[in-house]
Novice: 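Dumping the structure here so I can ask a few things about it.
Nothing here was measured: the structure is a model prediction, and the numbers come from that model.
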Amino acid sequence: MFIIRIQEYEELNFTYTHKIQCSSRDFIEEVQKNQDKFNSDILIIVDSEQAEIYYNDNRKKDLKNINVWPAKKVRIESNISEFKSKLQELDTVLDSNRIENQKRYCIIKLIRFDDNFLIMDVYLKTKERVL
């Protein structure tokens with residue numbers, strides 16, 4: 001796994017029409033199984049137990065929104081099998097005492113199952129700093 005860039009005080013704003021729930025162990029397999037449904041970016045919210053896959057089928061009605069602020073944003077390039085095992089280790093790399101919860105908000109920018117490769121932005125909700 002290669003961490004390409006880390007940015008603080010980022011905002012995630014994602015619009016979707018559909019949600020798929022699955023086990024956190026099986027979310028990559030679920031993405032592969034449903035890849036024909038995805039026309040644009042996919043948001044996957046992963047915690048220790050479950051995963052939720054959100055996507056937009058490009059219809060204008062029934063739109064829902066997910067907003068996360070403030071968050072650290074991490075751009076990752078990885079092979080798929082390595083990514084699954086390393087996702088939970090991100091908070092140890094990223095000042096874990098500022099991470100608010102154990103959810104990982106992952107936006108898949110590019111995934112190629114044939115090449116075992118993905119590019120993903122991972123958002124981790126952080127606590128707001130008090131000055």
Novice: Quick check on the hydrophobic clustering: are Phe113 and Ile76 connected, directly or via other members, by side-chain heavy-atom contacts under 4.5 Å?
Specialist: yes
Novice: Between Ile20 and Ile108, is there shared hydrophobic-cluster membership here, with clusters defined by ILVMFWY side-chain heavy atoms closer than 4.5 Å?
Specialist: yes
Novice: How about Asn13 and Asn65: does a side-chain donor come under 3.5 Å of a side-chain acceptor?
Specialist: yes
Novice: Is any side-chain heavy atom of Met120 closer than 4.5 Å to one of Phe83?
Specialist: yes
Novice: Please find out if less than 6.0 Å separates the ring center of Tyr55 from that of Tyr16.
Specialist: no
Novice: First locate atom CD1 of Ile111, then atom CG of Asp41, and finally report the distance between them rounded to the nearest 0.5 Å.
Specialist: 12.0 Å
Novice: Got a second to check how far Lys125's NZ is from Arg104's CZ, nearest 0.5 Å?
Specialist: 13.5 Å
Novice: Would you give the length of the straight line joining atom OG of Ser81 to atom CD1 of Ile28, rounded to the nearest 0.5 angstrom?
Specialist: 10.0 Å
Novice: Could you give the distance from CG (Leu118) to OG (Ser78), rounded to the nearest 0.5 Å?
Specialist: 5.5 Å
Novice: Do the side chain of Asp47 and the main chain of Gln50 share a donor and acceptor less than 3.5 angstrom apart?
Specialist: yes
Novice: Do Asn67 and Glu11 come within less than 4.5 Å of each other through their side chains, counting heavy atoms only?
Specialist: yes
Novice: What is the distance from atom NZ of Lys73 to atom CD of Gln7, rounded to the nearest 0.5 Å?
Specialist: 5.0 Å
Novice: So if you build clusters from Ile, Leu, Val, Met, Phe, Trp, Tyr with side-chain heavy-atom gaps below 4.5 Å, do Ile42 and Ile119 land together?
Specialist: no
Novice: Could you walk me through whether Ile53 and Lys19 satisfy the side chain to side chain contact (heavy atoms under 4.5 Å, CB included) test, starting with their C-alpha distance in whole Å, then the side-chain angles of each, then the deciding distance to 0.1 Å, before giving a yes or no?
Specialist: CA-CA 5 Å; Ile53 302 166; Lys19 175 172 87 169; over 6 Å; no
Novice: Step by step, would you call Arg75 with Lys109 a side chain to side chain contact (heavy atoms under 4.5 Å, CB included)?
Specialist: CA-CA 10 Å; Arg75 169 65 57 100; Lys109 295 299 194 179; 4.1 Å; yes
Novice: Going through the checks in order, is the side chain to side chain contact (heavy atoms under 4.5 Å, CB included) test met by Phe38 and Asp57?
Specialist: CA-CA 7 Å; Phe38 308 139; Asp57 64 2; over 6 Å; no
Novice: Test your reading of the model: is there a side-chain donor-acceptor pair from Thr126 to the backbone of Lys72, 3.5 Å cut-off?
Specialist: no
Novice: For the CG atom of Asp26 and the CD atom of Gln32, what is their distance to the nearest 0.5 Å?
Specialist: 12.0 Å
Novice: What are the two closest heavy atoms between Lys64 and Thr17, and how far apart are they?
Specialist: NZ-O, 3.9 Å
Novice: Looking only at side-chain N and O atoms, does Thr15 offer a donor or acceptor that is under 3.5 Å from a partner on Asn56?
Specialist: no
Novice: Do you reckon Ile107 sits in the same ILVMFWY cluster as Val68, going by side-chain contacts under 4.5 Å, direct or chained?
Specialist: yes
Novice: Determine the sole option in Tyr123, Phe27, Tyr105, Phe14 for which the side chain to side chain contact (heavy atoms under 4.5 Å, CB included) test with Ile45 is passed.
Specialist: Tyr105
Novice: Relative to each other, are the rings of Trp69 and Tyr9 parallel, tilted or perpendicular (30° and 60° limits)?
Specialist: tilted
